[in-house]
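Okay, so here's the structure we're looking at.
All values below were derived from every heavy atom in this structure, side-chain atoms included, with hydrogens, water molecules and symmetry-related copies excluded. Just so you know, residue 1 is the first one in the sequence shown, and it goes up from there.
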Amino acid sequence: SVCAELMEQQIDLDILPSDVFTDRERYGTDTTAGLSVNGNGYKVFIIPYAEYITEAVARFVIEAGKKGYPVIFVEDCPSGISDLWEDDREVIQALRESGARTVALKELARTVRELGLAEISIAPACKQLRYYHYEKEDALFYVLNNESTARTYKGELVLPFAERFGQEDVALYEAMKNRLYRVPVRAQGDGLHVGLEVAPYEEVVLVLEKGIGAGDLPVWKKPRTVVKALEGPWKTAVAEALQYPEFTAVGEMGALRSFGEVKPDFSGFIAYENTFTLEKPECEGDSGGNVRQQAGAPAKSIREGVPKSG
């Protein structure tokens with residue numbers, strides 16, 4: 001899809017309904033110099049492939065072409081106007097002559113970057129790294145999320161604000177502690193290069209603000225992760241649908257294996273229990289714990305493996 005193609009290349013986007021062109025007052029739509037909706041300005045208007053579009057959208061594209069505002073059709077230009085009762089050939093012809101680009105989906109992200117419309121870039125490339133940018137007063141916020149289930153992203157984020165911000169104006173925001181930290185930043189010709197390390201499912205928030213004084217902030221250090229293999233024996237228990245959450249003990253299992261080998265005809269909830277101790281807890285209260293995994297599926301479909309501790 002268009003969204004996946006752009007998001008996998010770290011190109012931010014919003015999805016706009018065609019109503020923004022028919023009910024402009026309600027949505028705060030301004031097309032005087034490009035496209036702005038509810039105060040949010042857009043550098044390009046991209047229309048995913050559709051055989052028909054509304055007349056309001058078509059009229060905007062035609063006017064945008066006269067003003068030099070970029071519009072991109074993905075795969076092909078629409079062939080009809082959905083809400084125009086009379087002959088729509090004149091409008092479609094005007095669309096084709098509007099100057100809007102027609103781009104293949106696989107070339108969309110590259111085209112947006114070549115037009116200078118992409119805001120950030122990363123190296124090395126990573127399809128699993130997503131980002132969202134918003135502004136509040138004079139500060140810029142970049143939220144980056146690693147959607148990979150297994151791989152940590154290590155690389156650089158390039159922000160095109162070398163003329164507006166300096167190395168001392170970039171910091172990492174730790175939401176859990178409500179604190180700012182210094183991160184590695186270097187200024188280069190094409191922008192500010194920020195060192196990134198984002199673990200699987202981890203989220204990082206970068207703040208750009210004049211006078212933030214990053215040089216006086218403590219250096220950001222990733223929390224140390226303790227990896228401890230959980231070994232048997234495991235206590236096992238089961239509960240049929242009507243019995244849940246009351247479990248009946250089954251016995252002990254030396255190593256985790258498919259429960260279908262123990263009770264091949266059982267269907268319901270299965271619990272594996274174990275205990276663990278952290279010799280060097282990361283925070284107060286983490287000196288020990290109990291783990292219990294439940295799965296609401298037939299025993300034969302239970303995946304083997306160590307349950308997530310918590």
Side-chain angles (χ1 to χ4, degrees), residues 1-16 40 42-44 46-49 72 74-75 103-135 139-161 170-177 180-186 188 190-208 219-229 282 293 295 303-310:
S1 70
V2 169
C3 291
E5 173 68 16
L6 294 176
M7 293 175 67
E8 288 177 356
Q9 300 298 323
Q10 292 76 50
I11 298 176
D12 198 11
L13 61 96
D14 284 337
I15 299 175
L16 300 177
N40 296 312
Y42 297 95
K43 298 178 181 179
V44 61
I46 299 173
I47 303 177
Y49 175 72
I72 296 176
V74 179
E75 298 297 349
V103 177
L105 177 61
K106 63 180 181 180
E107 299 295 329
L108 179 59
R110 182 179 63 81
T111 300
V112 171
R113 289 199 178 279
E114 288 178 351
L115 291 172
L117 303 175
E119 186 175 36
I120 70 169
S121 62
I122 61 171
C126 177
K127 290 185 176 182
Q128 286 76 37
L129 192 68
R130 302 283 189 265
Y131 101 100
Y132 180 75
H133 168 212
Y134 68 95
E135 301 183 15
L140 307 183
F141 297 85
Y142 288 87
V143 183
L144 298 109
N145 180 52
N146 183 3
E147 293 188 349
S148 171
T149 59
R151 299 184 63 179
T152 295
Y153 178 79
K154 293 183 180 180
E156 279 193 337
L157 166 70
V158 181
L159 300 170
F161 299 112
V170 184
L172 181 143
Y173 175 62
E174 168 57 80
M176 297 299 292
K177 298 179 180 178
L180 293 172
Y181 292 88
R182 179 154 41 105
V183 288
V185 182
R186 60 185 177 88
Q188 201 165 305
D190 55 350
L192 297 173
H193 294 240
V194 183
L196 283 182
E197 182 174 343
V198 192
Y201 288 151
E202 187 177 65
E203 188 172 85
V204 169
V205 180
L206 295 177
V207 183
L208 277 72
V219 177
W220 167 250
K221 294 181 180 179
K222 288 184 64 64
R224 185 170 61 89
T225 301
V226 177
V227 178
K228 183 177 180 65
E282 288 299 290
Q293 181 185 26
R303 296 179 59 188
E304 297 180 90
V306 179
K308 184 182 295 185
S309 62

Please lay out, stage by stage, how Leu129 and Leu157 fare under the test side chain to side chain contact (heavy atoms under 4.5 Å, CB included). CA-CA 11 Å; Leu129 192 68; Leu157 166 70; over 6 Å; no

Could you go through Arg130 and Glu203, starting from their C-alpha distance and side-chain angles, then the distance that decides it, and tell me whether this counts as side chain to side chain contact (heavy atoms under 4.5 Å, CB included)? CA-CA 9 Å; Arg130 302 283 189 265; Glu203 188 172 85; over 6 Å; no

Would you check, one step at a time, whether the test side chain to side chain contact (heavy atoms under 4.5 Å, CB included) holds for Leu115 with Ile72?
CA-CA 11 Å; Leu115 291 172; Ile72 296 176; 4.3 Å; yes

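Closest approach of Ile15 and Cys3 over heavy atoms only: CD1-SG, 3.9 Å. When all heavy atoms of Arg113 and Ile11 are compared, the pair lying nearest together is NH2-CG1, 4.1 Å. Of all the heavy atoms in Tyr201 and Glu147, the pair that sits closest is CE2-O, 3.9 Å. Closest of all the heavy-atom pairs between Ser148 and Pro200 is O-CB, 3.2 Å.
Summarising the geometry, atom NZ belonging to Lys106 is positioned 12.0 Å from atom OG1 belonging to Thr111; distances are rounded to the nearest 0.5 Å. Taking CG of Leu172 as the reference point, atom CG of Leu180 lies at 8.5 Å (rounded to 0.5 Å). To the nearest 0.5 Å, atom OG1 of residue Thr152 and atom CG of residue Leu196 are 12.0 Å apart. Here the CH2-CZ distance, from Trp220 to Arg182, works out to 14.0 Å after rounding to the nearest 0.5 Å. We find the NZ-CG distance between Lys154 and Asn146 to be 12.0 Å, quoted to the nearest 0.5 Å.
Counting only distance, with no hydrogens or angles, the side chain of Glu174 and the backbone of Tyr181 share no donor-acceptor pair below 3.5 Å. A donor-acceptor contact shorter than 3.5 Å is absent between the side chain of Arg151 and the backbone of Gln128.
Residues Ile46 and Val2 form a side-chain contact, since some pair of their non-hydrogen atoms from C-beta on lies under 4.5 Å apart. Under the 4.5 Å side-chain criterion, counting only non-hydrogen atoms from C-beta, Tyr134 is in contact with Val143. Looking at Tyr153 and Leu144, their side chains never come closer than 4.5 Å, going by heavy atoms from C-beta outward.
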List, one per line, each side-chain donor-acceptor pair under 3.5 Å for residues 117-125, sequence neighbours excluded.
from: Glu119; atom 1: OE1; to: Tyr131; atom 2: OH; distance (Å): 3.1
from: Glu119; atom 1: OE1; to: His133; atom 2: ND1; distance (Å): 2.9
from: Glu119; atom 1: OE2; to: His133; atom 2: ND1; distance (Å): 3.0
from: Glu119; atom 1: OE2; to: Tyr142; atom 2: OH; distance (Å): 3.0

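Within a 6.0 Å sphere centred on CZ of Arg110, other residues, nucleotides and ligands contribute more than 12 heavy atoms.
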